[in-house]
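Worksheet for the structure shown next.
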Amino acid sequence: MVKNKFNIKECEEKWRAFWEKEGIFKFDLKSKKKIYSVDTPPPTVSGKMHIGHAASYSQQDFLIRYKRMAGFNVFYPFGTDDNGLPTERLVEKTKGIRASDMPRDKFVQLCMKLLKEKFQQEYLEDWKRIGISCDWDILYSTIDDNSRKIAQWSFLDLFKKGRVYRKDAPAMWCPECQTGISQAECEDKSLESSFNTIVFKVEGKDLAIDTTRPELLPACVAIFYHPEDKRYKSLKSKSAKVPLFDFEVKIMEDERVDPEKGTGIVMCCTFGDQTDMEWQRAYNLEIKEAIDKTGKMTSLSGAYKGMPVKEARKKIISDLRDAGLLLNQKPIVHDVKVHERCGAEIEFVKSTQWFVKYLDLKKEMLKWGENLNWHPKFMFHRYANWVKGLQWDWLISRQRYFGISFPVWYCKKCGEIKIAEEKQLPVDPMQDKPLKKCSCGSEEFIPEKDVLDTWFTSSMTPRLSIELIDKKIWENLFPMSLRPQAHDIISFWLFNTVVKSNLHYGKNPFKEVAISGFVLDPHGKKMSKSKGNVVAPQDVVEEYGADALRFWASSVKLGDDISYQEKDLVAGKKFINKILNASRFVFMNLEKYGGKKKPKKLEVLDELFLDQLNSVIRDCTESFEKYEYSKVKSRAENFFWQDFTDNYLEIVKKRVYQGKGDKKLSAQYTLYQALLTLIKLFAPITPFITEEIYQEYFKKLEKDKSIHLSEWPKEIKAKGDKKTWQRTLEILAQVRQAKSKAQKSMNSEIILSLDKEDLTLIEKVKEDLMAVTGAKEINEGEFKVVFV
RNA sequence: GGUCCCAUGGUCUAGUGGUUAUGACGACUCGUUUACACCGAGUAGAUCGACGGUUCGAUUCCGUCUGGGACCACCA
């Protein structure tokens, strides 16, 4: 018997340990059941799970637990994304060191050690604690040998297919992190700056041009105006003298200029922004580098050499002012591209980088996305939007320490690219050598020092997890059934995985996509450290339990943002208490038959109730099939509370307390079946408390080791009609109302009058109705409650 | 600038071409010794964001607008 004083925390820890020890969620290689495979998102190791993770992973877990009960052999692995910058940062912070102060291999070793011994295990605890039903033995890290091997294989395969290339190109560069970054890694940030009107000289006359980046003057290569702008028509093909630096540049026309903006005439510098790069390519302009990779001015800038960008900007502005070449300056707030991981302003610099060629595949990319089954559907727009907006090939090289190496060397003599052979993977070009000589005969090679973009590896997650257990089952597991994830990484992880899979295998990596929304604060605002409105899931679990947190996460539709409301957590906790008590009541009254024995004939009221239960089963099953777990929750919850506990339990109380024979047996059978059904319906959402109830009461009579391995409920044979059930409840409510009005106890005895229609309708449940209303008799007449 | 999502009692929300528009929290009034005070029953509380259109009928479908949010682009 479950004790009255119930300890949620102990309960949850107990069943979590049980699931792990008994391997309840283990993928069964030998099973003949149909497979349901999940491409679980590998969260970036950052020390702690945040509340958005908690909600999103809970939501995917509802769907997956349902599939398991619905008879699938579930492949649900887990991985952590832990190569690259975030881990470097975490290691630097934890150890109080800087990567640049120590030898590269030492630092990498330290990262690996900390990851394995500390970060990954500690991090996983949070996921285990909220009851994510992964097979924790299928656990990868995006930096482990298996992942290195697969990521490098991916590179080799793309290389052979002509899909990767190395090129000198303007690349987005983070001066803080000292690495190239991809389009997906930038974000916009509003920063204060100034709009400066400065004076160029054309044939001795002043030409005013607006710029926010005067420090790029030394890299100025041309000046553009709109071809239809009459103000500047006369300047066509003339030259302008650049202030302070005294060299001349050509004045040209181009439609990309907006005549409305500022002075309507613009200087083009290498590389101020995207348009500058387009002009450089279009007109084959000179490339001048004014800023180096550390974010300092180059020798091109003469006196300003070595200054950081912002300092140089200040100095140049003041020098312009002194020289009378600054006509105007007004402060503005504008959006600047920054690196999302560190917040530093992005610069475009010329560097040699590796790219995946895919800009030619936009049409195909759209088709690939269309072929996925999106839940909810509108999330596809995000994908399509991203594809349509792509302007660059995928930059995959990163100038970092901790990451997966390119399996590449360059011949010291002829410079040819030498790629590794598949059999030597995973390879570290800095330690290992190519297996064969270069075609020029040289045996000396220079290793590629760059590492692969994290997303290059994590876009291989289906394979990272599958190959961890057995290569042979690839055909059975791939494409995977489900890709669950939050909407923020559609353009990163999802998009890249789709691209990679199609390039490598010619097919999509998964069939269904379940996209979850975001967690907002109680006022619907985004949570952020700076606002101080962040809620830690660990605290929530500590206070309310994992089931309550999951109960909260289940209350919102897939894809909708959910706001954190403390009262929702309270509701979850109350639900747990209620279902525990209801179970106590049921089993207190089951005696020796335990509710398994079916009476010869079910009481009419019991059939009416079971009929309602059946419609709940139907609705919940249908909803789960459509990935609508929130409907399952609300349907089952309403039925449990309103039909089961508030009414059915009250109605049959007297029958189980005092009844005899089949009448009692019928109630016992119904209680048993209904409760078992209900805990099964809730099992995917609140797995702990339902396991507790199952193990405590049902286990000895049911065969399954765990409720989570039991069969999803099927309809129970019963004849009933909705109308009679509802009318019975309405009459009961009317009686309660009358008692409440008269300030009488609900137990008080009455004489009840019902009109003829009602009387006929409830004839077959009259005895039960009398018991629950406390009616000594029910007469025909206008509705009336008389107290005796 | 483009695309998308959202708007329902004080708060959070369910839902529908015709319903007394759902539930929870909160408020108020009662009640209770064989599941539960982490309780039960009852009451009040909503012109379903605004304006147009389609329709016999719109909270629901369409359009416009307002407000909130997201993604992308631009940002000299």
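Proteins get letters first, then strands, A, B, ... in listed order; numbering begins at 1 in each. All values below come from the heavy atoms of this structure, side chains included, with hydrogens, waters and symmetry mates left out.
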Between [options], which nucleotide gets closest to the side-chain atoms of [X]?
X: Lys567(A); options: rG2(B), rC25(B), rU34(B); answer: rC25(B)
X: Met746(A); options: rC36(B), rC71(B), rA41(B); answer: rA41(B)
X: Ser740(A); options: rC75(B), rA41(B), rC4(B); answer: rA41(B)
X: Asn638(A); options: rC39(B), rC36(B), rG23(B); answer: rG23(B)
X: Lys578(A); options: rA41(B), rC72(B), rG40(B); answer: rG40(B)
X: Asp273(A); options: rC71(B), rC75(B), rC12(B); answer: rC75(B)
X: Lys557(A); options: rG31(B), rA14(B), rC5(B); answer: rA14(B)
X: Asp568(A); options: rC12(B), rC36(B), rG40(B); answer: rC12(B)
X: Asp646(A); options: rG42(B), rC36(B), rA41(B); answer: rA41(B)
X: Ser491(A); options: rC72(B), rU34(B), rC4(B); answer: rC72(B)

When the [atom1] atoms of [M] and [N] are compared, how many Å lie between them, rounded to an integer?
N: rU54(B); M: rU59(B); atom1: P; result: 15 Å
N: rA21(B); M: rG2(B); atom1: C1'; result: 37 Å
N: rG52(B); M: rU11(B); atom1: C1'; result: 31 Å
N: rC48(B); M: rU22(B); atom1: P; result: 14 Å
N: rG18(B); M: rG57(B); atom1: C1'; result: 7 Å
N: rG10(B); M: rA50(B); atom1: P; result: 14 Å
N: rU16(B); M: rC6(B); atom1: P; result: 13 Å
N: rG45(B); M: rG9(B); atom1: C1'; result: 6 Å

Please report the distance, rounded to the nearest Å, between [atom1] in [X] and [atom2] in [N].
X: Asn577(A); N: rC38(B); atom1: CG; atom2: C1'; answer: 5 Å
X: Gln391(A); N: rC75(B); atom1: CD; atom2: P; answer: 9 Å
X: Asp488(A); N: rC71(B); atom1: CG; atom2: P; answer: 8 Å
X: Lys631(A); N: rU16(B); atom1: NZ; atom2: C1'; answer: 11 Å
X: Leu520(A); N: rU13(B); atom1: CG; atom2: C1'; answer: 15 Å
X: Gln743(A); N: rG40(B); atom1: CD; atom2: C1'; answer: 16 Å
X: Glu650(A); N: rC36(B); atom1: CD; atom2: P; answer: 11 Å
X: Asp521(A); N: rU11(B); atom1: CG; atom2: P; answer: 16 Å

Can you find a pair of side-chain heavy atoms, one from Ile579(A) and one from Phe644(A), that are under 4.5 Å apart?
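In short, these two side chains do not touch, never coming nearer than 4.5 Å.
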Is the distance between the ring centroids of Phe682(A) and Phe62(A) under 6.0 Å?
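No; Phe62(A) has its ring centre 6.0 Å or more from that of Phe682(A).
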Is the terminal nitrogen or CZ of Lys526(A) (NZ for Lys, CZ for Arg) located under 6.0 angstrom from the six-membered ring centre of Phe518(A) and within 45° of that ring's axis?
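Not satisfied by the 6.0 Å and 45° rule.
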Does NZ or CZ of Lys578(A) lie under 6.0 Å from the centre of the six-membered ring of Phe640(A), at an angle within 45° of the ring axis?
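The answer is no; the distance or angle limit is not met.
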Looking only at side-chain N and O atoms, does [X] come under 4.0 Å of OP1 or OP2 in [N]?
X: Trp641(A); N: rC39(B); answer: no
X: Gln737(A); N: rA41(B); answer: no
X: Lys388(A); N: rC4(B); answer: no
X: Lys574(A); N: rC25(B); answer: yes
X: Thr275(A); N: rC75(B); answer: yes

Applying ring pair (Phe, Tyr, Trp, His ring centres under 6.0 Å), can you list everything that pairs with Phe698(A), at least two apart in sequence or on another chain?
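With neighbours one apart ignored, the set is Phe587(A), Tyr672(A).
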Which is more 5' along RNA chain B, the nucleotide nearest Gln642(A) or the one nearest Trp279(A)? Just name the residue.
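Going by which nucleotide is closer to the 5' end, it is Gln642(A).
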Paired with [N]: which nucleotide, if any, by Watson-Crick or G-U wobble criteria at under 3.5 Å for both distances?
N: rA44(B); result: none
N: rC51(B); result: rG63(B)
N: rC38(B); result: none

Checking Gln612(A) against Asp643(A): is there a side-chain donor and acceptor pair closer than 3.5 Å?
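No pair is found: no donor N or O on one side chain lies under 3.5 Å from an acceptor on the other.
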Under a plain distance cut-off of 3.5 Å, with no hydrogens placed, do Glu253(A) and Tyr232(A) share a side-chain donor-acceptor pair?
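No, because no side-chain N or O of Tyr232(A) sits under 3.5 Å from a partner of the opposite role on Glu253(A).
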When we call it a touch if two heavy atoms are under 4.0 Å apart, what does Thr211(A) touch: a base, just sugar-phosphate, or nothing?
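Answer is sugar-phosphate: Thr211(A) comes under 4.0 Å of backbone atoms only.
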Whether Asp276(A) and Arg256(A) form a salt bridge (side-chain N of Lys/Arg under 4.0 Å from carboxylate O of Asp/Glu) is what I want to check.
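No.
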